[in-house]
Amino acid sequence: MHPAFSVLVFTVMSGAGYGLITLMILGHLFGLPQLQDSTVLLTGGGLAFALISGGLLSSTLHLANPKNAWRSFSRFKTSWLSREAVFAVLFYPFLLGYLANIWANGTEVTGIAQLAGFGAAALAMVTLFCTSMIYASLKTIRQWNSSLTPVNYIALGLMSGSLLLAAVQSAVTGDLSSTLHTIAMGLVVLGAVVKVIYLFWIGKPAGSTINTATGFTQASVRLLDQGHTSNGFLNNEFGYTVEANKLVRLRVLMVAIAFVLPFLLLLTSSAGLLVLAAILTIIGLLVERWLFFAEARHVVRLFHGDQRV
Amino acid sequence: MKLGLVVDLDTCVGCHGCATACKQWNTSGTIGPLSDENPYGKDPNGAWLNRIRTYEVDDTPNSKTVNMPMSCMHCDNAACVTVCPTGASYKREEDGIVLVDQDKCMGCNLCSWACPYGARELDPQEGTMKKCTLCVDRIYDEKLPEDERKPACVMTCPTKSRVFGDFDDPNSEVSQLVRDRAGKQLMPELGYEPVNTYLPPRNKPVVEMYETTSLKDTVKGWVNKVIAR
């Protein structure tokens, strides 16, 4: 699949924002001592707001006819993209209510704080789940059509969010919270495990072949002619091909930047390096999302001569 | 009613007449222009609703060249419709035709991702998704003579490899062809239940391979073997 840059930015940024806001609100409401500080909460909330809003705006850039984007709220019953749009908008009043309450009344856990906070945290996770289901629901792309896709999106969103939360907390207060630090380390390990399982899983041959695509299941089938002299929409959108050795190099780079380096930086327990770890993870996840698209092989490729997807 | 096409892979000669007739009719049809980018330039690109690909099936001497025209299959279980967030994509209750409302499409490409048959192409100028309409603006047009109320691709096919009809009617020409010739659906394992059906090529006698067996060649072969040892 052709990786659209606006979609990579959208999924990574909003994923990190939703992960950050969910962990921060839950930490605050369940009484984590380091998160009972309104400056930390407002900074984290502001950062999450910026990441999510920037991501959502970026996602509209890949639309070829954005003047009809408002109609995307209308097919909630069947379309995961429509559900994502609806929940993404529903999330805002809860987030703004929660942050306004902290700004006005401080960090005391009141009924309003709980209502707005738990609502925002739940909607953040639901929106992230809907985003992942847009991809996971496509039967045409074997590498996406799996429960591993939502698990990946949610685990990596929480992972990058936890690093951002630890970084914000240490940058604002000047000292490192050991609880947030431990949570971040645990989520980095979880994220890496989930991603590696995914990489092994997509490596197994399965799914449709050129034989099932053309209906000639008793003999070998080879493409002789695509029927057009230059690439069309289908070639550009689905025919995206990257050299196998480049993919391997990028996978190694992705695992190093997104998981290994941040983990090593976390081991140093230094507040300054924590910010660097969070930035590295975001960059690593951009590579991860690029690979998520570049390694996904749509079944239309079979009609264009691929033997299997 | 379940309208669709039967395509005969035995007789299709791969002339691209159906694709050209389709583009000609539909570029001024209900879904607006089918625009092209750089049509006479180095790298032409444009929206077509019908594509013909050519495959070689099996190996010599049993190999066969098969031309496979593909347009929208008007699937019973059309994921392109359910994934559409704006409601632009829809399947008509009365005849099963899948259409895109050009006034509602936002060009997110998700329906083209959901389609396993490559039936949808984004119009490079309009930014909306284009697809086969089964010539909905022809087949119900009462101003046309009755035998011309067929999709443009079916009208134009010089070898009558494309047949249009109602798959719900067991006595229609399409239903009979599917029964008699063991019609196949493409990629049935994905469960989209495509309506369009393909008739596999008939078996033909295999061409005999001519091998020379003169005395000179036999001796030459025998000498070569001895020398190689």
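In what follows, every chain begins at residue 1, and chains take the letters A, B, ... in the order their sequences are listed.
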For this session: Could you verify whether a donor N or O on one side chain and an acceptor N or O on the other, from A:Asn65 and B:Glu126, lie under 3.5 Å apart?
Result: no

Assert top hit (heavy-atom pairs under 4.5 Å, partner chain A, pool B:Glu37, B:His16, B:Lys104) equals B:Lys104

* For the residue pair B:Lys130 and A:Phe233, establish whether any side-chain heavy-atom pair is separated by less than 4.5 Å. => no

Turns out that what part of B:Tyr198 lies under 4.5 Å from chain A's heavy atoms comes down to neither

Whatever's closer than 4.5 Å to a heavy atom in chain A on B:Ala79 counts as neither

Whatever's closer than 4.5 Å to a heavy atom in chain B on A:Gln218 counts as neither

Do A:Gln226 and B:Arg51 come within less than 4.5 Å of each other through their side chains, counting heavy atoms only? no

In terms of heavy-atom pairs under 4.5 Å with chain B, the winner among A:Pro66, A:Ala4, A:Ala69 is A:Ala69

So, the part of A:Leu138 with a heavy atom under 4.5 Å from chain B: the answer is side chain

* Any donor-acceptor pair under 3.5 Å linking the side chain of B:Thr86 with the backbone of A:Arg71? -> no

Answer key: most heavy-atom pairs under 4.5 Å with chain B among A:Ala219, A:Gly227, A:Ser220, A:Gly232 is A:Ser220

Bottom line for B:Ile52: the part with an atom under 4.5 Å from chain A's heavy atoms is backbone

Among A:Leu302, A:Val300, A:Asn145, the residue with the most heavy-atom pairs under 4.5 Å to chain B is A:Val300

Bottom line for A:His298: the part with an atom under 4.5 Å from chain B's heavy atoms is side chain

Please verify the inter-ring angle class for B:Trp113 with A:Phe293; under 30° counts as parallel, over 60° as perpendicular, anything in between as tilted.
perpendicular

B:Ser112 versus A:Glu237, side-chain donor and acceptor atoms under 3.5 Å: no

Here the pair of heavy atoms bringing B:Leu186 nearest to A:Phe303 is CD1-CE2, 4.1 Å

Residue from A:Ile210, A:Thr209, A:Thr217, A:Leu234 scoring the most non-hydrogen pairs under 4.5 Å with chain B is A:Leu234

